[in-house]
Asker: 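Take this structure, written in structure tokens, and hold onto it; I'll ask about it next.
Chain A is the first sequence line, chain B the second, and so forth, proteins listed ahead of strands; every chain is numbered from 1.
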There are 2 protein chains.
Amino acid sequence: MADNVTIITVARRAQVSRQTVSNVLNTPHLVREETRERVRRAIEELGYRANQAARQVRTGRSQTLAVRIEPTRDGINSLVLDRFLHGLTVAAASVGYRVMLYAAADDDAEVATYADLLAAYDLDAFVLTDTHHGDIRTSWLAERGVPFVTFGRPWGAPESHPWVDVDGAAGTAAATRRLLDIGHERIGFLGWPPGNAVGDDRRAGWASTVGPEFADLSRFTADDVAEGEAAARDLLSIPDAPTALVCASDSLAAGAFAATRGTGVAVIGFDDTPVAGVLGLTSVAQPLTEAAARCMDLLTGVLDGGITPEPVLLQPTLVIRESA
Amino acid sequence: MADNVTIITVARRAQVSRQTVSNVLNTPHLVREETRERVRRAIEELGYRANQAARQVRTGRSQTLAVRIEPTRDGINSLVLDRFLHGLTVAAASVGYRVMLYAAADDDAEVATYADLLAAYDLDAFVLTDTHHGDIRTSWLAERGVPFVTFGRPWGAPESHPWVDVDGAAGTAAATRRLLDIGHERIGFLGWPPGNAVGDDRRAGWASTVGPEFADLSRFTADDVAEGEAAARDLLSIPDAPTALVCASDSLAAGAFAATRGTGVAVIGFDDTPVAGVLGLTSVAQPLTEAAARCMDLLTGVLDGGITPEPVLLQPTLVIRESA
DNA sequence: TGCGATGATTGGATCGTTCAAGTTGTGTGA
DNA sequence: TCACACAACTTGAACGATCCAATCATCGCA
């Protein structure tokens, strides 16, 4: 469509120079009000939009964030990323940024693409998800001074960077309290094998709420429905078996749900995925839109202010359904 | 990190002019082999990556596709987009394109942002998902000559554009045949209210396989688990009730599954979402990675060759689980 | 030997924007 | 009256690439 509307077209129409138009857009206080209005009108009438690529060539800033899109990992939980991405796109757009996707098979491959992405696209920042123990990505970026935010705490890492996370322990604690409130006294926990930071955190929320005397009411297994079911059966077959289960994920909860059908044992899952809705599972919900917005807030702090903002820890909420 | 490696740095290192370096990258056949190798070595040694923004300013092409990211709509099915996005990002990267996200509340809002996106970012193409009857988006883009591909047929639209879709009717037909094969004779269908093109298509696959005499073995309802359960109960309470159900979505299938528990009635869902995995539902799976790759193929046809490629209709597969 | 064709390489102009350094005009204070 | 500060605006250069036309060799052929 011969998009010939450049800053010069606008300048001619408003009878000013290129630079004045540029000033109206970027540093309006330098321009007299009357002139500013005239330029604004010309922009409006011509439907002018600043060419981001040209701006980027000159300034070296792309107004672009990069986010890795994961292949579906374990099925159920990838839905979390989907909602986070949507929130991030909206939040970014509202402050003039855009979101670009990249794919990588694993962390090593991801680090290998950083250099390419940065050199070719002048990315302003990265948003990392799923941080974990010994994450090589954060140190690579930090060493090179590349701005980034993580959705997930810097588990065990000494160096600190801006991050947003949801308090998983608080989530499982709330789930446990809910079960206590509705009369359960022996509450078990179904989680992932120790060593996974997120999983350990979720277990800790349960453990601190029930107290140390119930430590043996927990089982660990891979994040899989069938394994969850088996572990739940095992846990329910012991003497003084629990009458309620808190689970580290909706996958495990779905398994537990199958194992407890008809027994009246209560089950609570984590992440409030569609599976929870379908099964009628009470589940801990992460405020993903809010998390995305906060990531963007932190990033604007880093990018515009040059400050290192304080991390943000958000509280999850419990979505109550029939299962507990 | 003063990323000062530009085309000139490379040129100096290889003792050639800027233009020769550019030629090595874009039109290598114009450069003598010996020179080409020398330049390639210099590029390698310096870790040079062409600056996309600068290229874009000159050529007007951004090597960027835009895809809308949806808020979670009805819960279960949004997972489809997630996997499609991943496939598209990978396919795009392999041919030098990147994927940018944008959000829009509805089709009108989406059309309103097109002009902005195009002018500001020189997008090369759009990938649209969820096409439907009377889609205003395709006509807007087609009128202005903006390249695009849809994942979804141009339902009922006269004008034709490149598209990729999965044969929903073939999917429900395969599901129906599967049920016939394992001995069922009265097979019902649970779908969405007529008027939704995708839904009508899925119904047609069932209808043509069972034959017209079974037309009253179908029920329509919103895409919701509870409504699906109610509709299934209704269908199963009639005289000569069906012994198996084909459903237009996993949401409906999840409802049907709840309604039929313990009755031995078989159920097949659609989209092979995690819910199907959890419930053990047999479900029709769309080849999303393949679909994304084909979208990219069509786009390169449009963008590089200027041709209007033939549409692609992919076949879904049936993932067999315990429910049928 | 001279000339045109072809292949390989080069230098200037350009894309649309912002930065940096100018130019103009007006008002203030000594 | 003159110097000076300051606000408002303009002009030239630059960002890093590609397009285009020009140059320089090389070679075959009359």
Asker: We want to know whether A:Q56 and A:Y121 form a side-chain donor-acceptor pair, criterion being a heavy-atom distance below 3.5 angstrom.
Answerer: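 Not at all, the side chains of A:Q56 and A:Y121 share no donor-acceptor pair under 3.5 Å.
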Asker: Could you state the atom-to-atom distance from NE2 of A:H29 to C1' of D:dC9 in whole Å?
Answerer: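 My rounded result for the distance is 14 Å.
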Asker: Tell me whether the side-chain N/O atoms of B:R55 come closer than 4.0 Å to OP1 or OP2 in D:dT18.
Answerer: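 For B:R55, the contact criterion (side-chain N or O under 4.0 Å from OP1 or OP2 of D:dT18) is met.
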Asker: Does some side-chain heavy atom of B:R18 sit less than 4.5 Å from a side-chain heavy atom of B:V21?
Answerer: no
Asker: So which of residues 18-26 of chain A are in contact with DNA chain C, with a heavy-atom cut-off of under 4.0 Å?
Answerer: A:R18, A:Q19, A:S22, A:N26
Asker: Hey, is A:R68 close enough to A:D107 for a salt bridge, meaning N to O under 4.0 Å?
Answerer: yes
Asker: In whole angstroms, how far is the P atom of D:dC15 from the CD1 atom of B:I7?
Answerer: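 So the CD1-P distance, B:I7 to D:dC15, works out to 14 Å.
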Asker: Counting only side-chain N and O atoms of A:S17, is one of them less than 4.0 Å from OP1 or OP2 of D:dT10?
Answerer: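 For A:S17, the contact criterion (side-chain N or O under 4.0 Å from OP1 or OP2 of D:dT10) is met.
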Asker: Select base, sugar-phosphate, or nothing to describe what B:A53 touches, counting heavy atoms under 4.0 Å on all strands.
Answerer: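 The residue B:A53 makes no contact with any strand.
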Asker: Using heavy atoms and a sub-4.0 Å distance, could you list which residues of residues 30-45 of chain A are near DNA chain D? By number, please.
Answerer: A:V31, A:R32, A:T35
Asker: Atom CD of B:Q15 to atom C1' of C:dA8: distance rounded to whole Å?
Answerer: 17 Å
Asker: Should the ring pair A:F148 and A:H161 be called parallel, tilted or perpendicular, given that the plane angle runs from 0 to 90° and is split at 30 and 60?
Answerer: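 Rings of A:F148 and A:H161: tilted, as their planes differ by 30° to 60°.
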Asker: Atom OH of B:Y121 and atom P of C:dT17: how far apart are they, to the nearest Å?
Answerer: 13 Å
Asker: With a 3.5 Å cut-off and sequence neighbours excluded, list the donor-acceptor pairs that the side chains of residues 23-31 of chain B form with protein atoms.
Answerer:
unit_1	atom_1	unit_2	atom_2	d
B:N23	OD1	B:Q19	NE2	3.1
B:N23	OD1	B:T27	OG1	3.3
B:N23	ND2	B:Q19	O	3.4
B:N26	ND2	B:S22	O	3.1
B:N26	ND2	B:S22	OG	3.4

Asker: Under the rule for side chain to side chain donor-acceptor pair (under 3.5 Å), what residues qualify as partners of B:T64, not counting sequence neighbours?
Answerer: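 Listed in chain order: B:R98.
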Asker: Report yes or no: is there a donor-acceptor pair, N or O only, under 3.5 Å between the side chain of A:R58 and the base of C:dT18?
Answerer: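 Flag set: donor-acceptor pair detected.
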Asker: What's the angle between the local helix axes at either end of the helix from C:dT1-D:dA30 to C:dA30-D:dT1, using five pairs per end and rounding to 10 degrees?
Answerer: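 It works out to 60° between the end axes.
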Asker: On the 0 to 90° scale, with breaks at 30° and 60°, tag the B:Y114-B:W140 ring pair as parallel, tilted or perpendicular.
Answerer: tilted
Asker: Is B:R61 salt-bridged to B:D304, cutoff N-O under 4.0 Å?
Answerer: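 Salt bridge present between B:R61 and B:D304.
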Asker: As a quick check of understanding, evaluate side chain to side chain contact (heavy atoms under 4.5 Å, CB included) for A:T9 and A:N4, giving each step before the final call.
Answerer: CA-CA 8 Å; A:T9 325; A:N4 282 334; 5.6 Å; no
Asker: If I take atom CD in residue B:Q52 and atom C1' in nucleotide D:dC15, what distance separates them, rounded to the nearest angstrom?
Answerer: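 Computing the B:Q52:CD to D:dC15:C1' distance gives 15 Å.
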Asker: Looking at C:dT17, I'd like to know if its phosphate oxygens (OP1 or OP2) sit under 4.0 Å from a side-chain N or O belonging to A:Y48.
Answerer: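 For C:dT17, OP1/OP2 do have a side-chain N/O of A:Y48 under 4.0 Å.
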Asker: For a 4.5 angstrom cut-off between non-hydrogen side-chain atoms, does B:P154 reach B:D135?
Answerer: no
Asker: Any sub-3.5 Å donor-acceptor pair from A:S62's side-chain atoms to A:D122's backbone N or O?
Answerer: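 Indeed, once roles are kept as given, a pair shorter than 3.5 Å links the two residues.
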Asker: Can you check the A:I8 CD1 to D:dT10 P distance for me, whole Å?
Answerer: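 That distance rounds to 13 Å.
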Asker: Determine all donor-acceptor pairs shorter than 3.5 Å in which one atom belongs to a side chain in residues 290-298 of chain A; sequence neighbours excluded.
Answerer:
unit_1	atom_1	unit_2	atom_2	d
A:E290	OE2	A:R294	NE	3.4

Asker: Specify the separation, in whole Å, of atom CD of A:Q56 and atom C1' of D:dG16.
Answerer: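 From A:Q56 CD to D:dG16 C1': 11 Å.
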Asker: Take the protein atom CZ of A:R12 and the nucleotide atom P of D:dT11, then report the distance between them rounded to whole Å.
Answerer: 13 Å
